[in-house]
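Notes follow once the structure below has been shown.
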Amino acid sequence: MTRALFVIDVQNDFTEGGALGVTGGAHVAKAVTDHLRARRDRYDLVVASRDWHSPDGDNGGHFSPEPDFVDSWPTHCVQGSPGAEYHPDLDASLVDVHVLKGDGRPAYSLFDGFVADGRPFGEVLAAGGVDEVDVVGLATDHCVRASALDAVAAGLTVTVLTDLVAGVAAAPSAAALAELRAVGVTTVPSSGAGTDSPGGRA
Ligand SMILES: [Zn+2]
């Protein structure tokens, strides 16, 4: 068994004070770092994604001056801007693979992203032989949901660590977790995950 951690979009624009700040986002940044420092040996691979939009145009209708907050959003996570950076409480030195998504188009899922050498993330993941993943980050009702669904579709065994995610809104976040459970995703607090041996190779 090869286990990865997916850290979804823990960026300044998705945390308090950002363009699309999620309540609890900064807490998630710190808590994910604490989790990784305590449990780094649980993971063979740590992957972090960032929404990374073009400064030009509306990124395929993703940006709007009159956003509906469903399919269109205020300008956020523009490439090279402070809002696109990881939240400072996320220790990015603990991350093995950095994924960028949303260059010129909407991209909610980590699987829509690319790594630094230009390869699609799915290709990198398959090459690593990953078959199990824990998913954490922002936001539960959007990019965490989409990434977890794609992880299931990719054939992975998926767990969402419920104390290490935060959502835009409560009801859609609860609905997203229910939807994920319905397709076989385990949703548990981080304290309940991984009572198995270090490295997960038992
Ligand atoms: Zn976006």
Side-chain angles (χ1 to χ4, degrees), residues 5-29 32 46-90 92 95 97-116 118-125 133 135-154 158 160 164-177 179-180:
L5 179 71
F6 292 172
V7 182
I8 307 299
D9 296 13
V10 180
Q11 296 169 262
N12 288 324
D13 268 348
F14 294 135
T15 51
E16 289 88 342
L20 280 171
V22 171
T23 300
H27 170 77
V28 164
V32 168
V46 177
V47 180
S49 66
R50 281 187 290 165
D51 218 20
W52 192 251
H53 294 305
S54 169
D56 303 317
D58 66 2
N59 287 273
H62 191 57
F63 289 175
S64 171
E66 295 181 3
D68 64 10
F69 293 91
V70 177
D71 296 312
S72 60
W73 307 89
T75 297
H76 61 276
C77 297
V78 171
Q79 296 165 11
S81 72
E85 294 306 312
Y86 292 119
H87 189 280
D89 288 344
L90 176 70
V95 174
V97 176
H98 299 272
V99 176
L100 301 175
K101 61 185 179 64
D103 182 11
R105 63 197 179 96
Y108 296 95
S109 169
L110 167 70
F111 286 81
D112 292 332
F114 296 83
V115 301
R119 283 181 297 161
F121 171 65
E123 187 179 308
V124 175
L125 188 71
V133 61
V135 183
V136 302
L138 307 171
T140 313
D141 34 354
H142 296 283
C143 293
V144 168
R145 170 186 172 274
S147 299
L149 286 173
D150 276 354
V152 171
V158 182
V160 172
L164 302 181
V165 295
V168 173
S173 295
L177 292 176
E179 178 186 11
L180 291 171

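Residue numbers run from 1 in the order of the sequence given. None of these values were measured; they are calculated from a predicted model. Order of appearance sets the numbers: ligands from 1, and atoms from 1 within every ligand.
Tally of protein N, O or S atoms closer to the Zn ion (ligand 1) than 2.8 Å: 4.
Interatomic distance, Thr140 OG1 to Arg145 CZ, rounded to the nearest 0.5 Å: 12.0 Å.
Side-chain N or O atoms of Asp112 include none that pairs as donor or acceptor with a backbone N or O of Lys101 at under 3.5 Å.
Taking the six-membered ring where tryptophan is involved, the planes of Phe111 and Phe6 are perpendicular, since the angle between them exceeds 60° and thus also 30°. Ring pair His62/Tyr108 is perpendicular by interplanar angle, where above 60° counts as perpendicular and below 30° as parallel.
Ring to ring, His142 and Phe69 are not that close: their centroids are 6.0 angstrom or more apart.
A donor and an acceptor atom, one from each side chain of Ser54 and Asp103, are nowhere located under 3.5 Å apart.
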